[in-house]
Amino acid sequence: MVKVITYGTYDLLHRGHIRLLERAKALGDYLIVGVTADDYDKSRGKINVQQSLMERIEAIRATGLADEIIVEEYEGQKIDDIRRYDIDIFTVGTDWEGQFDYLNEYCKVIYLPRTEGVSSSEIRAKKKKLRLGIVGESQMIKKFVREHEFVNGLEISGIYTKSDAVKADVPKELLADSFESVLSMSDAVYIISRPEFHYEQVKAALMNDKHVLCESPITISVSQSKELFGLAKERGLVLMDSLKTAFSTAYARLLLLVKAGKIGDVYSVDATCTSLQKTDEYSWNSICAWGPTAMLPVFDILGTNYIDKTIYTHFDENGNDLFTKIDFHYEHAVASIKVGNGVKSEGELVISGTKGYIYVPAPWWKTDYFEVRYENPAENKRYFYQLDGEGIRYELVEFLKSADKRRIFSYIDSIVAAAISKVLEDYESGNTIAI
Ligand code: CTP
């Protein structure tokens, strides 16, 4: 019996895929189809896949061409599979010509001509693109413009900024002369203006039926934050908090390990985010710039129902908040965040539990790596998950998916967003201890 194997993502199954499978099947007596797992695709930069692994497997099964379907989960697995299943022929389309010649050592390699004029990418791109407008002065805008290129189905429609530095670095044709004009040319907006403008801008966008991705904090007032989330819900729109850390696979997996009890009961979460970068007239104060990110693991892990908190802060002679430490007291746990752009510290995250602890090295908010550590170091485990583009492209993919389905797919829910607003509201109202 001649055994043939082939691999692919098979997103939105099309005639190119089916023709490939038919010819692969005809090469032998038994066809195994390897379908790529979501994580594996993400790690090789394929982030736009629309269908879940199960949907893609079901589509292959429904063709009746595969005698067996397996999941491709890691780099190098092809060699393992060829040995394990005693494969005679490995085949893929000519778009991979030459790239699998190394498998000749294990079986015969055949490249089949690719069907012209169709691909999953093209089908995805044909869907109406979401036009995303941008408003704000942050340098982050440049990164968003760059990163959106990796996201199928999204285009930048216009940018309204007062910052000359941003204007100089983005394509001129994208520059708009008012927020209103950006709104009029967009289906959704990314708001990264200073936090005091968020409320008005988010509200205006929602009232004009635009989905909103807003840099955290969405507002520095609990009542305004609730009102905006209420408005989005009422109008069937997506209002999403933009906290890049929440979209990193490592951070999401770390949360799952904590929830699954890998380090026992959690008694303490300690997060530090500091930088000594130069600020300008458009810079956010350091509690708004760093506070939401630092609070994210605290609220994600311990919840938002803390008993009380103490905010220590240091202002310089010009009224700039250089450093803030917030201690949270929960019924059975404590947490602390340290943030600032006038004091430097180790930017790490430590989650302490009864069985062990999780350590995320600096800069933990751009996390692709963490360790679960135990009393006996032999039991320690290290985890690595690829993080491309600081998480921005994943965030955009999730936002696009959310806008498409009109449902938020993200770890930042409105309860966490409201809790972040509450802390900032207390901070702004002077509920702090000066140091
Ligand atoms: N394939 C083909 N003809 C096409 C598209 C794909 O023969 N027009 C083959 C590929 O060569 C591969 C298999 O189908 O052997 C699975 O390809 P996959 O990467 O899943 O499909 P694409 O349409 O190329 O996906 P994308 O556009 O996301 O790269």
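What you see below is based on every heavy atom in this structure, not just the backbone, and it leaves out hydrogens, waters and symmetry mates. Predicted, not measured: the structure shown is a model, and the values here were computed from it. Order of listing sets the numbers, starting from 1, for every ligand and every atom in it. If you read the sequence from its start, that first residue is 1, and numbering goes on from there.
- Nearest protein neighbour of atom 23 (O) of ligand 1, counting heavy atoms only, is Ser120 N, 2.7 Å.
- In terms of N/O distances under 3.5 Å, ligand 1 is approached by Arg114.
- Among His17, Glu97, Arg23, the residue whose heavy atom sits closest to atom 16 (C) of ligand 1 is His17.
- Near Tyr10, meaning under 4.0 Å from one of its heavy atoms, ligand 1 places the atoms 16 (C), 20 (O).
- At least one N/O-N/O distance between His14 and ligand 1 falls below 3.5 Å.
- Less than 4.0 angstrom separates some heavy atom of Ser121 from each of these atoms of ligand 1: 26 (P), 27 (O), 28 (O), 29 (O).
- Here the straight-line distance linking atom CG of Asp95 with atom OG1 of Thr115 works out to 10.0 Å at 0.5 Å rounding.
- For ligand 1, the atoms closer than 4.0 angstrom to any heavy atom of Asp95 are 10 (C), 11 (O).
- Closest to atom 15 (O) of ligand 1 among all protein heavy atoms lies Gly93 N, 3.0 Å.
- Of the heavy atoms in Glu122, none comes closer than 4.0 Å to ligand 1.
- Looking at Pro113 next to ligand 1, no N or O pair under 3.5 Å apart turns up.
- Under the 3.5 Å distance criterion, the side-chain polar atoms of Thr274 are matched with a main-chain donor or acceptor of Ser345.
- Formation of a donor-acceptor pair under 3.5 Å by the Arg406 side chain with backbone atoms of Gly236 is found in this model.
- With ring centers used as reference points, Trp365 lies under 6.0 Å from Trp290.
- In the vicinity of Ser119, heavy-atom distances shorter than 4.0 Å reach the ligand 1 atoms 23 (O), 27 (O).
- Checked against ring-ring contact (aromatic ring centres under 6.0 Å, His included), Tyr111 has no partners two or more places apart in sequence or in another chain.
- Taking the six-membered ring for Trp and thresholds of 30 and 60 degrees, Tyr385 and Phe370 have nearly parallel ring planes, at less than 30 degrees apart.
- The closest approach between Arg19 and ligand 1 stays at or above 4.0 Å for every heavy atom of the residue.
- Heavy atoms of other residues, nucleotides or ligands lying less than 6.0 angstrom from CZ of Arg382 number 12 at most.
- Between Val92 and ligand 1, no pair of N/O atoms sits closer than 3.5 Å.
- Protein heavy atom closest to atom 9 (C) of ligand 1, with residue, atom name and distance, is Leu20 CG, 3.8 Å.
- With salt bridges taken as basic N to acidic carboxylate O contacts below 4.0 Å, one links Asp39 and Arg253.
- Every residue two or more places apart in sequence or in another chain that forms a ring-ring contact (aromatic ring centres under 6.0 Å, His included) with Phe100 is listed here: Phe90, Trp96.
- Set against the non-hydrogen atoms of Val118, the atoms of ligand 1 under 4.0 Å away are 4 (C), 5 (C), 8 (N).
- Using a non-hydrogen distance threshold of 4.0 Å, Glu116 does not register as a contact of ligand 1.
- Ligand 1 lies less than 4.0 angstrom from a heavy atom belonging to Lys46.
- In this structure, Phe328 and Tyr330 have tilted ring planes: the angle between them lies in the 30° to 60° band.
- The CD1 atom of Ile141 sits 11.0 Å away from the CG atom of Leu174 when rounded to the nearest 0.5 Å.
- Two rings, from Tyr383 and Tyr369, have their centers 6.0 Å or more apart.
- Closest protein heavy atom to atom 28 (O) of ligand 1: Arg124 NH2, 3.0 Å.
- Not a single heavy atom of Asp11 sits less than 4.0 Å from an atom of ligand 1.
- At a 3.5 angstrom cut-off on N or O pairs, Thr9 counts as close to ligand 1.
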